[in-house]
Amino acid sequence: MKRSLLRALLAAQEAKRPVALLTEVESGRQLLIAGADQQGDLAASASLIEAVHERLQQERSGLLEDGKYFLQVFLPPLRLIIVGAVHISQALVPMAKLAGYEVSVIDPRKAWATEARFPGTSMLTQWPDEAMEALQPDARTAVVTLTHDPKLDDPALLRALNSPAFYVGALGSTRTHARRLERLRAEGLDEAALARIHGPAGLAIGARAPAEIAISVMAQMTAVLRQAPRLAPLRNP
Amino acid sequence: MNGSSEAQAWAGTDEVLAQADAWLEEGRKVALATVVATWGSSPRPVGSQLLVDDKNNMVGSVSGGCIEGAVVAEARAAMEDGRPRLLDFGVSDEMAWEVGLACGGSVKVYVERLES
């Protein structure tokens with residue numbers, strides 16, 4: 001791969017732009033395709049370019065034309081927005097980073113949202129609706145509210161449900177969640193929007209400790225992202 | 001975890017490419033291996049990448065660790081002669097047992113030199 005193509009690939013990732021890299025396996029010649037832009041030393045036919053765009057749409061890497069070409073789709077990074085710089089978040093942040101997410105934590109309570117509690121993490125101390133406006137969740141973003149405080153969680157949920165975020169989760173007991181749905185209904189959200197909330201957030205793995213709850217939320221986000229079939233009920237050994 | 005520039009064994013594709021750029025900047029020779037096709041229960045999906053430098057430092061993965069040794073050897077060769085390579089590993093191939101892809105899957109890996 002030419003250095004200029006590597007740089008262009010990294011720039012596309014930085015700009016959160018989906019791109020495809022087409023490689024002629026025999027020669028190693030390559031073409032980077034982003035929308036109508038093309039860059040590289042490989043001349044591709046119109047029909048091949050058409051196939052590339054179809055694969056980009058399907059987000060599917062693989063061999064083309066009997067293995068003559070390899071196409072790799074590079075998608076923008078996954079993002080996780082956490083509302084609440086709480087104990088569970090301290091466990092969830094490193095897990096999500098390991099799983100490849102760019103993580104942002106929102107909490108206007110400055111005593112909680114500290115560098116010491118969240119080393120190397122992007123912290124936003126605005127009110128959640130302002131912070132969500134700045135972050136602009138897209139279809140590769142998950143949003144989880146963990147404060148239990150309606151003043152903080154609700155405005156973030158309203159913004160999340162008006163975005164294409166692939167996962168929206170809200171921590172809290174079944175009763176807390178029922179009251180939350182009532183409040184959001186009063187704000188004018190319809191049932192289809194409310195049904196997008198995973199509440200109480202997380203898979204039912206009997207989690208108790210903060211790190212266990214973080215695991216259950218991380219697992220649920222992964223299941224939704226990868227469109228996993230519904231899990232079979234757990235059995236005792 | 002907190003923004004260290006050091007290579008991480010668990011790096012995803014983004015980190016692999018960023019690391020490639022950093023290594024090239026340092027003047028290292030670098031090759032990139034990418035899974036281009038899989039059959040059966042291969043451990044890493046199409047698009048998974050392993051970055052190798054001229055001192056056998058590795059970032060990322062193209063299997064669960066079974067074929068990395070063989071891939072690194074080909075990556076070193078690609079660094080020298082600049083020719084891309086397409087490697088086949090699988091149960092139908094005797095080499096698969098030698099390199100240890102005993103999981104029953106097969107996988108094609110493309111190896112290319114990164115130009116400085």
Problem set entry | Side chain / backbone / both / neither for B:T38 at chain A, heavy atoms under 4.5 Å | neither
Exercise. Between A:E24 and chain B, which part of the residue has a heavy atom less than 4.5 Å away: side chain, backbone, both or neither?
Worked result: backbone
For this session: Answer yes or no: are there more than 12 heavy-atom neighbours, outside A:R196 itself, under 6.0 Å from its atom CZ?
Result: yes
Problem set entry | Residue part contacting chain B, namely of A:R7, when any heavy atom lies under 4.5 Å | side chain
For this session: Evaluate the side-chain proximity of A:F70 to B:L86: yes if any heavy-atom separation is below 4.5 Å, no if none is.
Result: no
Exercise. So, do A:L6 and B:L24 sit near enough that their side-chain heavy atoms are less than 4.5 Å apart?
Worked result: yes
Exercise. Would you say A:E65 has more than 12 foreign heavy atoms packed within less than 6.0 Å of its CD?
Worked result: yes
Exercise. Taking all non-hydrogen atoms of both residues, which atom of B:P84 and which atom of A:V25 are closest, and how far apart?
Worked result: CG-O, 4.0 Å
Exercise. In this structure, are over 12 heavy atoms from other groups packed under 6.0 Å from B:E26 atom CD?
Worked result: yes
Exercise. Heavy-atom distance under 4.5 Å to chain A: side chain of B:V35, backbone, both or neither?
Worked result: backbone
Problem set entry | A:S47: partners by side-chain contact (heavy atoms from CB on, under 4.5 Å), with sequence neighbours left out | A:S45
For this session: Name the region of A:T23, side chain, backbone, both or neither, that has any atom closer than 4.5 Å to a heavy atom of chain B.
Result: side chain
For this session: Select all residues of residues 108-116 of chain B having any heavy atom within less than 4.5 Å of some heavy atom of chain A, and report them by number, or 'none'.
Result: B:K108, B:Y110, B:E112, B:R113, B:L114, B:E115, B:S116
Exercise. How about A:E50: does its CD atom have over 12 heavy atoms from other parts shown lying under 6.0 Å from it?
Worked result: no
Exercise. Can you find a heavy atom in the side chain of A:Q72 that is under 4.5 Å from one in the side chain of B:V46?
Worked result: no
For this session: Can you establish whether the number of heavy atoms outside A:Q58 located under 6.0 Å from its atom CD is more than 12?
Result: yes
